[in-house]
Amino acid sequence: MAKITYIEHNGTEHVVDAQPGVSVMEAAVKNLVPGIDADCGGACACATCHVYVDPEWLPQTGQRESMEESMLDFAYEPKENSRLSCQITVTNDLDGLIVRLPEQQG
Amino acid sequence: MSERLVIVGAGQAGLQAAASARQEGFAGDVVLIGAETAPPYQRPPLSKAYLKGDLDIARLHLKPAAFFKQANIELRLGTRIEAIDRKRGIVKDAGGAETAYDRLIIATGAPPRRLDCPGAETQGVHYLRTLADSDDLRSILTADGTIVVIGAGYIGLEVAAVARSAGRNVVVIELADRCLKRVAGPAISDYFANLHRAHGVDLQLGAGLEFVESCNGRVSAVRLNDGRTVPCVAVVVGIGAAPDQGLAAEAGLSCDNGVLVDETARTEDARIWAAGDVANFPSPFYKRRLRLESVPNAIDQGKVAGINAARAANGVEPATYDALPWFWSDQYEAKLQTAGARPSGDAPGLAEIIRPAADGRGLSVWTMLDGALQSVDAVNDPTAFIVGKRLIPSGKPVDPGRLGDASQDLKSFL
């Protein structure tokens, strides 16, 4: 299990125990974290699961691929540390991960 | 007095309607009734990642059990509603049990069209709509022998891609002269025909199915209308879907390729709404009626139906459904993303603009009607998809010559 902290735009924190193998998006949806819509269910087709990865965790969460990169280009207020959470797979190495949610999706 | 909202159909649209009604402040009972025994789940992976075996069943579920408790939504599964009595305000299930409603949302979806030829009921003829269908199909992917896919629409081609990637011999039979004819233009059809052929699929266009042959009660071959016989161990049928509108029609609600609703997702009965694949609705943007079979439509229209059921109960003005349609399909290494509704192929004034993707690995096909942008089909070109998603509803004038010129930055059109 990996502990992941999701911080809503208003500062509310949600700490979730995530199973390795699922995505950071799925762990949020299954644990009723608000603010991640994930309309396409994780197909990297909709850009409604946008999160900001805590800069400290960027190396562990890996690189954006080109499809994700293009989708993020048009997300709401993209930043250097923006990711689509459906494209980050939970591993034991991500225990302690912190992600912040944008003010809105899409 | 507290009201009860009943939702018939626990797919993506029904679930969304229940959740949105609650969020909008519906205070009474919310009852979500599904004919299948599985809790609400995602259907798109059934012909993609789940079929491949890349996705565990638990990951298909749209919401955890805790959600229904928290939102106080009563989930009744394995319950098929067989009649709506509008006079008495009740729905009746297959066992004869009655449930009263004050507000009703119909979200029964669109089951697959069935084959209508000799041998159609033979064991080994498969359809794909439900989790159970996908599980059945998975078992044939591991067997030996040829799989015949009837219909080169999205479902047929996605299944063909998964089966071919699993190393199976795949023959696709399509009556039309090109694949995806009902939903896409010729350039997209050509792209996907080439893609499948490059992966070794035997794509037979302009070929009709005459009958299904069997041996010892199991599928053994299909006979085509040109006299050829294709030996096979399984047949997968993907020849489109038809709205499950019987309940509504028998209750006297107007139906015409779906349950007819207005732009607020409401039927002619002020207490009944419909959403998702089953609903036929007027699009304010396209100024024509649409019926869409897609997850985004199920989510967005389900949202509007749920919100408006709550608003009606609370005496608030209804919301309008005007989201731009969108869609996606995954086949092999290709991702297709569509924004907008493509005009019918014979619409007067229809123009198509083909634009190669910046990296040369994909393309986008844009449609215009009398100079106004209508839709974009983008293959491996997410930028074209997202620009289209924003540009189309903006109504901004677009120079077709510039749009087709790959050296022009797409973002400059916004």
Side-chain angles (χ1 to χ4, degrees), chain A residues 1 4 6 8 12 14-50 64-78 82-90 102 104-106, chain B residues 12 16 19 23 41-46 48-50 54-56 58-71 294-300 303 323 326-330 333 335-339 357-359 361-362 378 380-390 410-411 414:
Chain A
M1 285 297 196
I4 301 179
Y6 300 82
E8 286 186 65
T12 309
H14 303 264
V15 183
V16 158
D17 281 322
Q19 186 92 40
V22 305
S23 69
V24 170
M25 173 279 282
E26 288 175 286
V29 171
K30 300 285 151 168
N31 289 283
L32 306 177
V33 176
I36 292 185
D37 298 339
D39 283 353
C40 78
C44 196
C46 71
T48 62
C49 65
H50 175 204
R64 305 192 280 222
E65 292 201 15
S66 67
M67 176 71 68
E68 182 186 352
E69 188 90 39
S70 309
M71 300 291 288
L72 277 168
D73 245 2
F74 292 89
Y76 181 79
E77 293 193 348
S82 285
R83 291 294 306 269
L84 294 180
S85 54
C86 73
Q87 300 300 304
I88 307 174
T89 304
V90 175
Q104 62 183 71
Q105 295 288 350
Chain B
Q12 190 110 37
Q16 186 64 53
Q23 269 168 12
Y41 60 87
Q42 313 177 52
R43 290 192 200 280
L46 298 183
K48 308 179 183 80
Y50 181 75
D54 288 351
L55 204 62
D56 188 57
R59 297 175 69 183
L60 286 183
H61 295 152
L62 287 165
K63 296 284 183 193
F67 164 81
F68 297 96
K69 207 168 179 182
Q70 192 187 72
S294 75
V295 161
N297 176 62
I299 292 175
D300 293 335
K303 215 176 264 182
W326 66 274
F327 180 82
W328 80 96
S329 175
D330 294 323
E333 65 280 8
K335 180 182 285 295
L336 171 82
Q337 292 166 294
T338 295
D359 64 2
R361 285 174 48 239
N380 293 339
D381 191 353
T383 305
F385 166 66
I386 300 190
V387 168
K389 219 173 156 195
R390 298 211 175 160
L410 264 180
K411 291 176 201 164
L414 287 171

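Below, chain A is the first sequence line, B the second, and so on; all start at residue 1.
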Between B:Gln42 and A:Gly41 the two heavy atoms that sit nearest each other are OE1-CA, 3.4 Å

Quick one: CE on A:Met71 to CD on B:Gln337, what's the gap to the nearest 0.5 Å? 5.0 Å

Residue A:Asp73 versus chain B: region with a heavy atom under 4.5 Å: side chain

Could you check which of A:Gly21, A:Ala43, A:Ser66 has the highest count of heavy-atom pairs closer than 4.5 Å to chain B? A:Ala43

Using every non-hydrogen atom in the two residues, find where B:Thr383 and A:Ser70 come nearest and quote the distance to one decimal. OG1-CB, 3.7 Å

Which residue out of A:Cys40, A:Ala38, A:Gly42 racks up the most heavy-atom pairs below 4.5 Å with chain B? A:Cys40

Measure distances from B:Leu414 to the heavy atoms of chain A and classify the residue's part below 4.5 Å as side chain, backbone, both or neither. side chain

Chain A contact via B:Ala58 - side chain, backbone, both or neither, heavy atoms under 4.5 Å: backbone

Nearest 0.5 Å, what's the CG-CD distance between B:Asp56 and A:Glu26? 9.5 Å

d(B:Phe385 CZ, A:Cys46 SG) to nearest 0.5 Å is 8.0 Å

Distance in Å, B:Gln16 CD paired with A:Asp39 CG, rounded so as to fall on 0.5 Å steps: 7.5 Å

As an exercise, state the distance from NZ of A:Lys30 to CZ of B:Arg59, rounded to the nearest 0.5 Å. 8.5 Å

Atom group of B:Lys411 that falls short of 4.5 Å from chain A, counting heavy atoms: side chain

